[in-house]
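Working notes, structure below.
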Amino acid sequence: MDVSHLLEDLNDAQREAVTAEDGHVLVLAGAGSGKTRVLVHRIAWLIQVHHVSPMGLLAVTFTNKAAGEMRARVGKLLGLRPDGLWIGTFHGICHRILRMHAADVGLPETFQILDSEDQYRLIRRVIRDMELDEGEYPARQQQGFINHHKDEGRRPEHIEPFDNPHALTQVAIYRNYQDYCERSGLVDFAELLLRTLELLRDNPARQAQYRDRFGHILIDEFQDTNKLQYALVRIIAGDRARLFVVGDDDQSIYGWRGARVENVSDFARDFDPTVIRLEQNYRSTATILEAANRVIANNEERMGKNLWTEGEQGEPIGIFSAFSAEEEAEFVVARIRDWLEQGGAASEAAVLYRSNAQSRLFEHQLLAEGIPYRVYGGQRFFERAEIKDAMGYLRLVHNRDDDPAFERVVNVPARGIGERTVAAIREHARSAGTSLFAAATAMRDSGAFAARAGNAVAQFLEIINDLDRRTRDASLGELMSAVVETADLARWYRQREAPDRAESREENLTELIRAAETFDQPLEDEQSGLSPLASFLAQAALEAGEHQGEKWQDCVQLMTLHSAKGLEFPLVFLSGMEEGLFPHQKSTEEPGRLSEERRLCYVGMTRAMQRLYLTYAESRMLHGQTSTTYPSRFLDELPEELTEQVRPRAARYAGTSFGGGGMSQPGPEHDFNLGSTVSHERFGIGTVVNVEGSGPNARVQINFETAGQKWLVLSYANLERLD
DNA sequence: AGGTCCGCTATTTTT
DNA sequence: TAGCGGACCT
């Protein structure tokens with residue numbers, strides 16, 4: 001078989017990684033060095049050259065998106081869908097294992113995955129049931145406590161006994177929460193991994209089964225793995241599997257949520273792998289890479305890596321100092337406008353920032369200029385309140401014992417089941433040792449409710465039972481549609497929320513029905529005997545999904561530095577380069593956290609392909625208060641010869657101290673009026689529909705015959721008047 | 001039971 | 001400045 005296509009486009013280091021014989025491999029893959037490529041080709045190489053069965057391969061990624069991409073690329077390279085190949089996130093893979101061996105780990109077949117919100121609510125419930133002071137034990141904090149310990153593989157009994165009563169109570173909350181989950185068949189995200197770890201550790205048959213199966217384990221983004229994930233890798237691998245680990249210690253930016261960069265060096269120590277560095281970069285100009293290298297060089301304890309390129313030097317990195325955050329946004333948007341006028345696409349431009357709150361000013365400015373944009377992050381589809389409400393009904397239809405679902409929807413829409421009534425149901429459930437639904441049913445049957453509450457509860461129970469009865473043989477789409485209609489959520493939102501808000505919720509519910517109708521059950525789920533409904537519920541929890549509207553329009557991309565990881569854009573702005581904001585105040589005290597901020601800066605810079613700007617403001621409103629800010633220390637770490645002050649400080653002071661030069665004088669009036677017909681080199685012929693400003697800032701909006709409506713700055717656009 | 005108002009807090013996010 | 005949660009009022 002001809003396998004040259006697996007190697008021909010690879011550089012030496014990439015090829016070495018793809019073809020490595022024997023032993024383990026650690027690929028230190030710099031930004032833009034083609035690591036996904038290496039992983040994909042490695043998988044194809046193993047299958048086609050070493051004739052490894054796809055069944056014997058396990059590939060682990062960090063996000064579902066990455067998993068999907070890798071699956072698609074492997075399929076494309078092999079020219080077929082590799083059946084039996086496991087590609088997924090740690091959570092997805094563990095979920096699959098637990099579904100197959102639910103009985104082995106003491107879980108019911110119908111176990112339900114708790115997403116973070118479900119978990120939060122349940123923990124709050126537990127704290128209230130324990131009659132603790134919620135000020136002293138905030139549910140958020142307890143959630144952090146529990147997840148932190150689980151991520152380190154610790155059960156309540158593994159936590160060192162403290163003489164500190166506060167810590168003891170925290171452990172008690174953890175234990176009670178866990179007991180609740182056990183009784184109700186609920187599994188949170190960390191539990192998926194921990195439970196799987198325990199299964200493979202304590203059950204010799206299962207351990208042997210998976211160790212025999214997976215001869216090769218490939219892991220992406222290893223610098224983002226936590227302690228539990230590393231332990232899991234070691235358990236599955238045993239001493240037979242060959243590990244192929246890809247990571248970049250310089251791009252570790254999730255330490256704050258338990259990721260251990262040290263896993264990379266630990267792996268090098270524990271498994272003695274062949275270490276291969278991918279340092280040739282195919283993304284950025286030499287200028288950008290040199291600057292990024294210089295910044296990251298200020299970190300200690302690196303494994304060491306220097307990105308280089310065969311490409312051109314490129315333009316200097318623009319540094320802009322704005323008076324205010326507003327002016328910063330104006331500058332950025334003006335540069336984006338230039339980009340567009342020079343023929344660039346909006347989607348090629350990305351504005352990156354440290355915290356989400358910063359997006360507002362950019363949005364405002366882009367909106368004012370009529371440039372389309374898209375803000376990343378924010379609420380994901382399956383996390384929206386209306387979706388979770390509808391899914392709550394669905395979950396109860398699937399499994400009456402799903403208490404979090406019961407709590408969520410028992411009085412949504414309001415049907416007169418108040419806190420007192422629910423408390424009575426909880427109490428009954430606790431003493432009888434049943435679920436809330438069962439307790440409510442028993443109380444209805446024994447007439448334990450007052451008349452009004454009783455009717456309301458009976459009505460609710462009937463809605464669920466009736467939905468189940470009516471839809472036994474229905475498709476998932478029909479069931480979903482019946483749920484949305486019967487629960488009548490749309491009316492509820494319309495009645496108590498702003499019309500546009502309600503409308504958007506309604507649209508989302510319609511979208512949810514469509515998602516159910518078009519749901520394509522994964523083959524493996526079907527094989528492990530899951531119903532489509534169970535699959536759908538699991539997927540909703542496991543992949544909350546982008547599902548955001550206006551998918552692939554040509555939009556300027558606004559996102560945090562964190563969400564930019566893995567992406568690339570020709571034109572990039574790193575905004576808010578200010579002490580206290582970036583590096584963030586909370587990260588400046590400890591050196592370890594500062595290093596992570598610096599890595600974040602490195603990640604941000606290396607997103608840029610052609611043009612990079614770093615901008616900051618000298619004053620900014622934060623938490624409703626305007627304060628003076630100072631340039632980020634990271635700016636000082638850039639080599640001066642690679643940067644260019646876009647508007648040097650001196651010029652600004654000159655402008656004011658000399659009483660303003662000609663700059664602020666109104667320029668000569670232009671002769672473009674509303675209705676003028678004009679011609680543009682690239683956009684063709686159009687009509688002026690709007691005129692704004694004067695002098696060098698004058699802008700006109702033109703309705704082009706073919707290119708649509710655009711705002712153009714006259715001093716750049718080079719318009720010709722035709723009439 | 002349910003709606004309104006006030007006060008507190010305030011990175012980063014995937015599963 | 002804005003969003004969320006709890007206390008308070010109807």
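Treat the numbers as computed from the prediction; the structure is a model and nothing was measured. Every chain is numbered from 1, with letters handed out A, B, ... down the list of sequences.
- For Arg96(A) and Trp86(A), the positive end sits near the middle of the six-membered ring, less than 6.0 Å away and at most 45° from its axis.
- Figure legend: cation-pi geometry between Arg599(A) and Tyr602(A) absent, as NZ or CZ is not positioned both under 6.0 Å from the six-membered ring centre and within 45° of its axis.
- Distance from the side chain of Thr560(A) is smallest for dT12(B) among the nucleotides dT15(B), dG2(B), dT12(B).
- Close to dT14(B), at under 4.0 Å from its OP1 or OP2, lies no side-chain N or O of Asn64(A).
- Geometrically, Arg505(A) engages Tyr493(A) in a cation-pi contact, judged by NZ or CZ lying under 6.0 Å from the ring centre and within 45° of the ring axis.
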Self-check item: Trace of the side-chain hydrogen bond (donor to acceptor under 3.5 Å, both in side chains) decision for Gln251(A) with Gln223(A)
Solution: CA-CA 7 Å; Gln251(A) 292 190 71; Gln223(A) 77 284 350; over 6 Å; no
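- Contacts between residues 580-590 of chain A and DNA chain B, defined by a heavy-atom separation below 4.0 Å, involve His584(A), Lys586(A), Ser587(A), listed by number.
- Where Gln495(A) and Ala541(A) meet DNA chain B, the nucleotide closest to each residue was compared, and Gln495(A) sits on the side nearer the 5' end.
- With Glu579(A) as the fixed residue, the salt bridge (charged side-chain N to carboxylate O under 4.0 Å, His left out) test singles out one of Arg633(A), Arg620(A), Arg354(A): Arg633(A).
- Candidate nucleotides dA1(B), dT12(B), dT15(B) were compared by shortest atom distance to the side chain of Arg420(A), and dA1(B) ranks first.
- Atom CZ of Phe62(A) is separated from atom C1' of dT12(B) by 12 Å (rounded to the nearest Å).
- In this structure, Tyr210(A) has its ring center under 6.0 Å from that of His101(A).
- Between dT12(B), dT11(B), dT15(B), one nucleotide has an atom nearer to the side chain of Phe189(A) than all others, and that is dT15(B).
- Closest to the side chain of Trp256(A), from the set dT13(B), dT14(B), dG2(B), is dT13(B).
- Geometrically, Arg99(A) engages Phe111(A) in a cation-pi contact, judged by NZ or CZ lying under 6.0 Å from the ring centre and within 45° of the ring axis.
- Spacing between atom CG of Asp118(A) and atom C1' of dT14(B) amounts to 16 Å, rounded to whole angstrom units.
- The separation between Tyr254(A) atom OH and dT15(B) atom C1' is 12 Å, rounded to whole Å.
- A syn orientation is assigned to dT11(B), its glycosidic angle lying within 90° of 0.
- Residues Phe460(A) and Phe406(A) place their aromatic rings such that the two centres sit under 6.0 Å apart.
- Here Asn356(A) does not reach the OP1 or OP2 of dA10(B): none of its side-chain N or O atoms lies under 4.0 Å away.
- Protein atom NZ of Lys65(A) is 14 Å distant from nucleotide atom C1' of dT13(B), rounded to whole Å.
- Atom CZ in Arg354(A) sits about 11 Å away from atom C1' in dT13(B), given to the nearest Å.
- Checked against the 6.0 Å centroid criterion, the rings of Tyr230(A) and Phe222(A) qualify as a close aromatic pair.
- For His91(A), the side-chain atoms get nearest to dT15(B) when compared with the rest of dA1(B), dT12(B), dT15(B).
- A sub-4.0 Å separation between OP1 or OP2 of dA10(B) and a side-chain N or O of Ser355(A) is absent.
- Between Ser563(A) and dT13(B), a side-chain N or O to OP1/OP2 separation shorter than 4.0 Å is present.
- In this model, the phosphate group of dT14(B) is not approached by any side-chain N or O of Asn226(A) to a distance below 4.0 Å at OP1 or OP2.
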Exercise. Could you run through nucleotides 1-10 of chain C and give me one letter per nucleotide, 5' to 3': B if any protein heavy atom sits under 4.0 Å from the base, S if only the sugar-phosphate is that close, - if neither?
Key: B----S----
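- Side-chain proximity of Glu383(A) to dT14(B), dT11(B), dT15(B): nearest is dT15(B).
- Cation-pi geometry between Arg140(A) and Tyr120(A) is met: the NZ or CZ atom falls under 6.0 Å from the ring centre, inside 45° of the normal.
- In terms of position along DNA chain B, the nucleotide closest to Arg452(A) lies nearer the 5' end than the nucleotide closest to the other residue of the pair Arg452(A) and Glu596(A).
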